[in-house]
Amino acid sequence: MENMNYAEELVREFLFFRGFTSTLQSFEKELATDLGKGFQKDKIFDLIFSVYIPKFQPENLISLLTFFKQCFSSSETVLIATLSKLEISVLRYYIVYAVQSGRTDKIIEFFGVHGDDLLQRNQDWMSWFAIPYLKNPSLDPLFRVYFSKEWFDALQLSVRNFLSEIFNGTRIPALLKISSEKLTVNHLKNDIKHLNTRLSQLQALLEEKEAQLCRSKSNFSTARQLSIGGSNESMCSSPETLSRGVPKEPTVPSRNLGEAHASTTHLSGRQSSDKDVDIPEAQGVSLASSSYGGQSDEKNSSSVGIDELQQEEDFPEVKVDFQETFLGHTSPISCCRFSTSGDNIASASVDGTVRIWTYDASTSASRNATIYCGAEIMSLEWDCKSDRLLLIGTADGGIKAWNVDAKRVVCDLSTTDAFPSVLDLKCSPVEPIFVSAAASRGHGTGYIDKLGFASLTVWNMRTWKAMTVLPLGKDPPAITSLCFNHNGKILAAAATDGMIHMFDMSAGLQITGWPAHDSAISSVLFGPDETSIFSLGTDGKIFEWSLQSQGEVLWSRNCNRFCNPQNSQYHRHEMALDANGKRLLVTSGSVRAPIYQVRDHTNGMKSLPHSAAISTVDWHPTLPIFLTGSADNSVRVTSIL
């Protein structure tokens, strides 16, 4: 069949993906014989009447007929009975052909091997045992019909009809229905594009109507104010009336302000806040912006406070057990990561510094350090086996390995000059290797537009040398995000052309891939049971893809209200799963980060506000604690109930 070769390739890829090497070898061996000839009825017909019978191969003939019987379930009694009758006729033709060819020895050999089995199934075979000893069986009334051309033509027609019946479209395995399913998928994609276009038109129409409504409300409000101002003009003539008309400055209630001062401390560049503080949102943001810089900034407070909070989705605020803020950086945060144990945190700033610190007072602070890299930090990754080693990727092609105990760089690697931007680093959870996703420089101005072609390099963490370069094809789009599965055998890579690539690390080959987004993908994660994979696009769409049914979306959300294109110009949006795989934390162009409930119909939650956009996020490896790094130079550790 036309899709047989493609289906076989899919099976090979699946066996590679699952690591079934012995099964793959058996599969290749079975393909060499291909007993069923790919369920192609013409080839099977020729095999019976042009190979097995003319070349006197009764064992192969019986094996083929037995194979067909195994294709049926016990409930298909009619087909099984028909096949049994055809089997008798085909074997009798084998004997007739041997008589016509003068090979009596083949008949005796056939009955010597298979005679007992034939007698057990059908006693009519008893008379056929005499054929080798008859002088002219074709003239015997008992066998004359089997030597006629009419009987042979009827037998061939019956075999063809039966093969057509059992190998029609309804009996073909689902894997071989690729062509029809591809056509269906293409039709569905076209329908989706049409519906998306229609949705965009309706959204544009809705926005236009809302704008008209806002203008009408504004005109009505202006007219009302003018009317009120004219009617009260005579009332505002006396000084006493004028003094009463001056609006007072809004003040924070004394109880709340006292609690806020009592629960806020500045120790070693950190700020911790108790969960019981009761501050209105707009005032809370104003206080936060004042504490970050040590002085108030009225312009920043007014632009961040009410306007941005009104643009957020109506998510409930998380219930906080404790929260601590780290204020050691002097520039916006570009990346922050929990260590393997969750005891230490590494945070990077756009000024080229990385800080290692701990949020737990009971944990030793001896590992605290500041690393000056001299270039923009684009990626951080802790060694998966311990908290001792931190990998740092920079925009000038550098990969630094920092030993947190020795507080020094133990290795300073460099990518090729053609790929200077180290966009992501991922350590294998099993092997002492890591993979770097580097990119050449593009000609645009935004984060994605500045990226060119991709290079994926596998490095040995014992020799600190490049082992291999994973194949991506000619001029591949930049890879923005990497993720290993639990045993390190599979690597997922997300690209700026919207593709997700899957690599078999033992073979060093790409095993599959599919278009996941219409836009660039900024982050990719394996699901908790590794039967799915999450992807976040620059368009703000989140998809959970099934790895068992490739191309099937299990869950999705649209967070483009948080991942607005303006913020994507400066940093890569990220997402992080909690330890149970039930909550998905996403970066935000607003002051709060959304937390989605995976595969849940509820909207989700939102974090407590920073005073600027949230540029990076991460979850604790085992506890309900998450990190948020912001453009306000702060990193927050939040434990939720």
Side-chain angles (χ1 to χ4, degrees), residues 269-271 288-289 292-294 297 300 303-304 308 325-338 345-357 368-382 390-400 402 409 412 415 419-425 436-439 441-442 444-451 478 480-481 520 522-523 538 562-576 586-591 593 610-618 627-637:
R270 301 181 195 173
Q271 171 188 321
S289 62
Y292 291 136
D297 186 347
N300 184 46
S303 63
V304 171
E308 287 199 10
T325 302
F326 182 78
L327 300 175
H329 288 282
T330 58
S331 297
I333 309 302
S334 59
C335 190
C336 62
R337 294 288 182 267
F338 276 110
I345 295 172
S347 54
S349 178
V350 297
D351 61 3
T353 61
V354 177
R355 292 178 179 265
I356 298 173
W357 48 283
N368 291 6
T370 301
I371 309 165
Y372 298 92
C373 298
E376 180 184 356
I377 311 299
M378 307 199 76
S379 52
L380 294 175
E381 174 71 353
W382 287 90
L390 175 70
L391 299 178
I392 305 168
T394 63
D396 62 355
I399 301 175
K400 299 180 185 296
W402 175 268
V409 175
D412 202 348
T415 61
F419 301 98
S421 299
V422 184
L423 302 181
D424 202 7
L425 298 167
S436 64
R441 289 195 172 94
T445 56
Y447 181 89
I448 299 298
D449 299 331
K450 288 191 294 184
L451 305 178
T480 57
S481 180
S522 59
S523 185
T538 56
F562 295 98
C563 302
N564 59 68
Q566 291 182 350
N567 290 93
S568 299
Q569 297 290 320
Y570 308 107
H571 63 84
R572 172 171 65 92
H573 280 289
E574 295 178 346
M575 58 181 175
V586 185
T587 54
S588 172
S590 179
V591 296
H610 282 262
S611 60
I614 297 174
S615 53
T616 179
V617 294
D618 196 22
L627 279 175
T628 52
S630 172
D632 63 12
N633 309 348
S634 70
V635 181
R636 282 190 176 176
V637 183

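In what follows, residues are counted from 1 in the order of the sequence shown.
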Practice prompt. Side-chain contact test, heavy atoms from C-beta onward, threshold under 4.5 Å: evaluate it for Asp396 versus Pro420 and give yes or no.
Written response: no
Item to complete: Identify, with sequence neighbours excluded, every residue that meets side-chain contact (heavy atoms from CB on, under 4.5 Å) alongside Ala478.
Response: Leu423, Ala439, Leu451, Thr496
Worksheet item: Between Ile392 and Ile399, is a side-chain contact (heavy atoms from CB on, under 4.5 Å) present by the stated rule, with each step listed?
Response: CA-CA 5 Å; Ile392 305 168; Ile399 301 175; over 6 Å; no
Item to complete: Begin with the C-alpha distance, continue with both residues' side-chain angles, and end with the deciding distance and a verdict on side-chain contact (heavy atoms from CB on, under 4.5 Å) for Glu381 and Ser379.
Response: CA-CA 7 Å; Glu381 174 71 353; Ser379 52; over 6 Å; no
Practice prompt. Test Ser630 against Thr628 for side-chain contact (heavy atoms from CB on, under 4.5 Å), laying out the working first.
Written response: CA-CA 7 Å; Ser630 172; Thr628 52; over 6 Å; no
Practice prompt. Using a 4.5 Å cut-off on heavy atoms from C-beta on, say whether the side chain of Ser334 contacts that of Glu376.
Written response: no
Worksheet entry | Nearest heavy atoms of Asp632 and Ala612, plus distance in Å | N-CB, 3.6 Å
Worksheet item: Would you call Thr394 and Ile377 a side-chain contact if the rule is heavy atoms closer than 4.5 Å?
Response: yes
Worksheet item: What closest approach, in Å, do Pro332 and Ser349 show between heavy atoms, and which atom pair accounts for it?
Response: O-OG, 3.2 Å
Item to complete: Take Glu574 and Thr616, measure what side-chain hydrogen bond (donor to acceptor under 3.5 Å, both in side chains) needs, and give me the verdict at the end.
Response: CA-CA 6 Å; Glu574 295 178 346; Thr616 179; 2.8 Å; yes
Practice prompt. Output, in order, the C-alpha distance, side-chain angles, deciding distance and verdict of side-chain contact (heavy atoms from CB on, under 4.5 Å) for Phe326 and Ile333.
Written response: CA-CA 11 Å; Phe326 182 78; Ile333 309 302; over 6 Å; no
Practice prompt. Could you tell me which non-hydrogen atom of Trp357 sits nearest to which non-hydrogen atom of Ser347, and how far apart they are?
Written response: NE1-OG, 3.0 Å
